[in-house]
Amino acid sequence: MLSKALDVPHISTGVMLRQAVADGTELGKKAESIMAIGDLVPDDLVVAMVEERLAQPDAAGGYILDGFPRNLAQAKALFDAVGDSAIDAMLLFDVNEDELVERLMGRAGEGRADDTEATIRRRFEVYREDTEPLLDTYGDRVIPVGGTGSIDDVFERVLEVVS
Ligand code: AMP
């Protein structure tokens with residue numbers, strides 16, 4: 001929805017990795033079992049994938065990164081690739097964990113192999129250990145957005161802060 005509103009591409013590493021798994025590429029074969037347990041796919045693989053995507057012409061006028069960077073090494077690689085000033089803002093969606101589990105379990109019907117309770121718990125752990133420290137890296141560019149409520153409610157808040 002935001003990609004449409006801003007007219008910039010949505011670049012989701014999770015979507016790209018799931019596509020690689022579905023296509024049975026070398027990357028997909030390496031990533032599949034790691035994604036299934038909720039760990040992070042190795043940085044070198046993900047960074048190469050993102051760098052290639054950012055080099056596409058449609059990313060020249062801006063982009064929304066979704067699910068990347070996920071740790072300090074990836075943030076450093078992004079910095080090296082595009083420079084610090086290329087990242088305007090980081091949206092931090094604030095939702096309590098119980099509600100997240102409920103949403104993700106509800107989504108299991110959509111066929112995501114990693115929306116099982118054990119994997120969800122591991123993904124929260126990885127978030128706290130590896131991803132949360134990035135809040136310091138991006139400092140005052142971090143924009144908290146209330147993530148509770150309907151998709152439309154949350155999107156309205158996103159548009160407010162982005163504008
Ligand atoms: P997501 O769709 O963003 O929730 O990602 C689903 C899974 O893909 C994660 O649990 C990781 O296993 C993998 N993944 C997605 N993005 C990254 C990333 N930036 N670095 C490493 N692994 C990732």
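Heads up: numbering here begins at 1 and tracks the sequence. Note: hydrogens, waters and symmetry copies are ignored here, and every other heavy atom, side chains too, is used. Ligands are counted one by one from 1 in listed order, and the atoms in each one are counted from 1 as well.
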Trainee: Using 4.0 Å as the upper bound for N to carboxylate O, is an ion pair formed by Arg128 and Glu97?
Mentor: yes
Trainee: Any N/O of Gly67 closer than 3.5 Å to an N/O of ligand 1?
Mentor: yes
Trainee: With atoms numbered from 1 as shown, which atoms in ligand 1 lie under 4.0 angstrom from a non-hydrogen atom of Gln74?
Mentor: 18 (C), 19 (N), 20 (N), 21 (C)
Trainee: Quick check: Met35 and ligand 1, any N/O pair under 3.5 Å apart?
Mentor: no
Trainee: Looking at Arg18, which atoms of ligand 1 are within less than 4.0 Å of one of its heavy atoms?
Mentor: 2 (O), 6 (C)
Trainee: Can you tell whether the side chains of Arg121 and Glu117 come within less than 4.0 Å, N to carboxylate O?
Mentor: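 Yes, charged N to carboxylate O under 4.0 Å.
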Trainee: Whether Asp115 and Arg123 form a salt bridge (side-chain N of Lys/Arg under 4.0 Å from carboxylate O of Asp/Glu) is what I want to check.
Mentor: yes
Trainee: Between Gln74 and Val50, is there a side-chain heavy-atom distance shorter than 4.5 Å?
Mentor: no
Trainee: Return the option from Asp115, Asp39, Leu17 holding the heavy atom at the smallest distance from atom 11 (C) of ligand 1.
Mentor: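 Answer by nearest heavy atom: Asp39.
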Trainee: Donor-acceptor check, side chain of Thr119 to backbone of Gly38, threshold 3.5 angstrom: yes or no?
Mentor: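 No.
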Trainee: Which of the atoms in ligand 1, numbered in the order shown and given with their element, are less than 4.0 Å from a heavy-atom of Arg112?
Mentor: 1 (P), 2 (O), 4 (O), 6 (C)
Trainee: Any ion pair linking Arg157 and Asp94 (charged N to carboxylate O, less than 4.0 Å)?
Mentor: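 No, this pair does not count.
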Trainee: Considering only protein heavy atoms, which is closest to atom 17 (C) of ligand 1, and at what distance to one decimal place?
Mentor: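 Of the protein heavy atoms, Thr13 OG1, 3.6 Å lies nearest.
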Trainee: Salt bridge check: are Asp39 and Arg122 linked by an N-O gap of less than 4.0 Å?
Mentor: yes
Trainee: Run the numbers for me: atoms of ligand 1, each under 4.0 Å from some heavy atom of Val46, listed by number.
Mentor: 18 (C), 19 (N), 20 (N), 21 (C)
Trainee: Just need the protein heavy atom nearest to atom 22 (N) of ligand 1, so name the residue and atom and give the distance.
Mentor: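 Going by distance alone, atom 22 (N) of ligand 1 is nearest to Val41 N, 3.1 Å.
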Trainee: Just going by heavy-atom distances, which of Arg70, Arg123, Arg122 is nearest to atom 1 (P) of ligand 1?
Mentor: Arg70
